[in-house]
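Lettering follows sequence order; numbering is per chain, from 1.
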Amino acid sequence: MAREVRTRYAPSPTGYMHIGNLRTALYEYLIARSMNGKFILRIEDTDQERLVEGAVDVIYNTLKLCGLKHDEGPDIGGPCGPYIQSQRRHIYLPYARELVEKGHAYYCFCSKERLEQLRSEAEAKGETFMYDRHCLKLSKEEVEEKLAKGEPWVIRQKMPREGSTTFDDMVFGTITIENNMLEDQILIKSDGLPTYNFANVIDDHLMGITHVVRGSEYLTSTPKYNLLYDAFDWEKPVYVHLPLIVKPDGSKLSKRKGDASFEDLVEMGFLVEAIINYIALLGWSPDSNQEIFSLAELEKAFDIRRISKSPSCFDMEKLRWFNAEYIRAMPAEKFHSLALPYLEKAITNKAIDLAKVSKLLQNRVEVLTEIPSKVGFFNSLEDYDLNIYTHKKMKTTLENSLENLKAALPVLEKLEPWTEESIHSSLLSLVESMGIKNGQMLWPIRTALSGWEVTPGGAIEIADILGKEETVRRIQIGIERLEKALA
RNA sequence: GGCCCCAUGGUCAAGUGGUUAAGACACGGCCCUUUCAAGGCCGUAACAGGGGUUCGAAUCCCCUUGGGGUCACCA
């Protein structure tokens with residue numbers, strides 16, 4: 001029987017969840033779920049210099065928001081704990097020592113200064129710097145002596161100098177790297193903690209990870225990890241390297257350049273379901289034409305073999321479309337509850353029924369944050385350019401607008417009860433009796449009621465929401481202003 | 001620069017030797033219509049270039065070009 005599939009999401013807590021990281025987490029989750037496996041969260045905080053306060057919470061919150069429930073992790077425990085590398089610090093050194101004994105690694109006492117100098121010398125000559133194995137020559141006695149003296153040390157992996165290393169990746173296929181390209185990388189740092197390069201191998205093995213899923217930037221260093229697995233005689237995992245997500249200009253997403261993180265997108269008014277749906281399709285495609293996927297549907301449909309190799313571009317427009325699809329598909333009450341915080345800020349007039357405004361908005365909004373800019377006229381009528389009354393297609397002019405507003409005013413003043421239906425029928429029968437086009441009546445009314453050229457909803461819906469009193473008042477203002485202009 | 005990887009419309013992408021080269025976003029047009037949306041219908045638009053292999057290449061091989069990644073006591 002095959003081993004249980006186990007994947008892991010192993011972020012370092014930088015306090016910033018970029019879209020590529022999130023997609024990696026999503027794919028790891030989907031691979032595990034689609035194969036009845038386990039999804040593990042492990043925090044890779046071996047870089048003490050980059051620790052960020054509260055960063056781990058960002059990770060928990062994001063996973064939770066997105067519904068990527070892990071089966072094991074720092075917060076919920078599990079059989080392979082602890083799940084935070086800094087809390088596992090004591091387990092790595094013995095493994096490194098084992099490697100030293102076996103001849104696959106060695107102590108190095110070179111100072112950072114020496115290395116920096118060698119590096120800059122190489123750079124000056126236009127060469128690629130690679131550690132010169134200065135400390136490999138040290139005898140066992142010399143090493144013991146330096147250790148006894150308390151000289152700072154690191155442990156380096158001893159790479160083979162000849163031959164090549166080949167591995168298979170589920171998405172990129174067979175990859176071969178010449179061994180002489182591999183540097184004797186540091187396994188244990190002078191602070192006693194392992195580097196990512198070492199810790200990830202030890203932990204992945206100890207945690208029984210079967211599928212190592214990560215960005216394609218790790219492709220060229222994977223041979224080093226396999227050499228480690230071989231040195232320990234451990235079973236190697238299946239590798240799934242993911243193509244990068246890039247910006248429209250082709251460069252990769254980065255925090256430094258201010259590219260949107262997951263949190264930013266949420267703040268920008270995007271729904272997590274839409275974000276997940278969109279990024280799932282960035283680099284993976286189903287075997288159907290289905291575009292809209294819930295997380296549960298993704299769990300069923302996901303297939304590693306359909307991950308693409310080429311990098312894909314993060315397209316805000318497409319995300320907006322997904323977001324709009326989710327907004328339109330949700331029940332009106334749900335949309336209203338999401339829209340409410342934005343509406344309450346934009347509309348302070350308590351007479352306005354915000355639920356009705358939400359109904360108007362649901363089909364007209366792609367992201368929640370654009371709500372305020374669409375509803376200001378409900379709150380109060382601002383001065384507007386009278387030229388809006390003139391509309392060629394509606395066949396309206398200043399003159400007939402005035403005329404029609406004057407005709408509508410008494411009808412509306414008398415109207416009882418004040419409902420969308422009653423407004424509709426009274427206005428339309430007025431139109432009929434006057435023998436004019438609908439637009440010639442409704443365009444001027446909508447203009448008078450809103451003062452805007454474009455509004456969510458038409459004259460009737462707006463009149464209903466505004467209420468009789470305010471509707472009449474705004475029409476009167478329109479009449480007065482038109483009369484003044486035409487006088 | 002060395003090494004590794006990638007290459008279908010502006011974007012996401014299907015396609016695994018024989019297709020009129022899907023679909024989606026965006027864009028344009030039309031319809032619907034009280035503005036704007038939504039919805040419906042239609043349309044513009046692609047196999048980077050050059051060599052092979054083959055009866056036949058988007059699909060296989062090579063070269064070129066372009067793009068990306070990687071070369072840390074970061075992950």
Side-chain angles (χ1 to χ4, degrees), chain A residues 10-12 14 44-47 49-50 108 110 112 115-116 119 126-131 152-156 169 172-173 175-178 180-183 185-191 193-197 199-200 214-223 241 243-244 246 248 250-252 278 281-292 306 308-322 324 328 360-366 374 388 391 393-394 424 427-428 431 437-447 450 452-462:
Chain A
S12 55
T14 61
E44 309 227 337
D45 59 346
T46 55
D47 185 358
E49 289 172 20
R50 291 210 309 188
C108 170
C110 293
K112 286 187 185 177
L115 295 176
E116 247 162 62
R119 202 186 310 280
E127 292 168 4
T128 303
F129 169 74
M130 197 176 277
Y131 180 60
W153 52 269
V154 301
I155 292 178
R156 288 182 182 270
D169 183 84
F172 287 92
I175 309 276
T176 300
I177 307 264
E178 296 299 320
N180 61 23
M181 295 304 300
L182 307 177
E183 186 178 41
Q185 63 177 353
I186 290 172
L187 268 19
I188 301 288
K189 299 183 280 186
S190 55
D191 64 3
L193 287 171
T195 56
Y196 163 85
N197 296 316
N200 94 83
R214 45 154 83 121
S216 63
E217 65 265 31
Y218 292 96
L219 221 36
T220 47
S221 42
T222 298
H241 284 94
L244 259 23
V246 300
S251 65
K252 72 170 186 176
Y278 174 60
L281 262 22
L282 265 189
W284 173 82
S285 62
D287 60 5
S288 68
N289 272 339
Q290 186 175 346
E291 298 264 358
I292 303 298
R306 298 191 64 89
S308 64
K309 299 187 202 190
S310 45
S312 39
C313 168
F314 187 83
D315 181 4
M316 209 49 111
E317 279 304 319
K318 185 96 182 230
L319 209 214
R320 288 177 70 90
W321 175 78
F322 271 105
R328 293 190 289 253
L360 257 28
L361 251 17
Q362 192 163 2
N363 277 342
R364 295 176 169 87
V365 150
E366 288 192 308
K374 290 184 183 295
I388 302 173
H391 193 289
K393 198 176 153 219
M394 293 298 118
H424 184 270
L427 249 23
L428 288 193
V431 163
K437 293 181 50 111
N438 287 351
Q440 291 178 306
M441 176 60 76
L442 297 171
W443 175 270
I445 292 180
R446 196 188 57 81
T447 301
S450 66
W452 288 13
E453 276 186 280
V454 172
T455 56
I460 294 159
E461 292 98 320
I462 294 172

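- More than 12 heavy atoms of other residues, nucleotides or ligands sit less than 6.0 Å from atom CD of A:E127.
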Could you run down the sub-3.5 Å N/O contacts of the protein with nucleotides 4-10 of chain B?
| unit_1 | atom_1 | unit_2 | atom_2 | d |
| --- | --- | --- | --- | --- |
| B:C6 | OP1 | A:K309 | NZ | 3.2 |

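- B:G50 and B:G68 have their C1' atoms separated by 23 Å, given to the nearest Å.
- Nearest-nucleotide mapping onto RNA chain B: of A:D47 and A:S312, the residue sitting toward the 5' end is A:S312.
- Between A:R306 and the phosphate of B:U16, there is no side-chain N or O to OP1/OP2 separation shorter than 4.0 Å.
- Between A:R320 and B:A24, a side-chain N or O to OP1/OP2 separation shorter than 4.0 Å is absent.
- When the C1' atom is compared between B:C6 and B:A48, the two are found 13 Å apart, to the nearest whole Å.
- With both ends at atom P, the span from B:G51 to B:C3 equals 27 Å, rounded to whole Å.
- With hydrogens and angles ignored, the 3.5 Å screen pairs a side-chain donor or acceptor of A:E183 with a backbone N or O of A:Y131.
- Listed by chain and residue number, A:Y218, A:K224, A:Y225 satisfy the side chain to side chain contact (heavy atoms under 4.5 Å, CB included) test with A:S221 (two or more places apart in sequence, or in another chain).
- Comparing the C1' positions of B:C27 and B:U35 gives an interatomic distance of 22 Å, to the nearest angstrom.
- Both A:S216 and A:E44 sit near RNA chain B, but only A:S216 has its closest nucleotide nearer the 5' end.
- Closest contact between the side chain of A:K318 and the listed nucleotides B:U34, B:C25, B:C74 involves B:C25.
- Here B:G23 is the nucleotide among B:G23, B:A75, B:C3 with the atom lying nearest to any side-chain atom of A:N289.
- If you take atom C1' in B:G66 and the same atom in B:G49, they sit 10 Å apart, rounded to whole Å.
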**OP:** If a protein heavy atom is under 4.0 Å from the base, mark B; if only from the sugar-phosphate, S; if neither, -; do that for nucleotides 35-40 of chain B going 5' to 3'.
**Re:** BBBSS-
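- Judged by atom type and distance alone, A:T128 reaches the base of B:G1 through a side-chain donor-acceptor pair under 3.5 Å.
- As rounded to the nearest Å, B:A13 and B:C25 have P atoms that lie 16 Å from one another.
- Searching all strands for a Watson-Crick or G-U wobble partner of B:C73 with both distances below 3.5 Å returns nothing.
- Across B:G15 and B:A7, the matching C1' atoms stand 15 Å from one another, rounded to whole Å.
- A:S450 comes within 4.0 angstrom of nothing in the nucleic acid, heavy atoms only.
- The side-chain heavy atoms of A:S285 and A:R306, taken from C-beta on, include a pair separated by under 4.5 Å.
- Comparing B:A75 with B:G39, their C1' atoms are spaced 48 Å from each other, to the whole Å.
- Nearest nucleotide to the A:W321 side chain, out of B:C25, B:G2, B:A75: B:C25.
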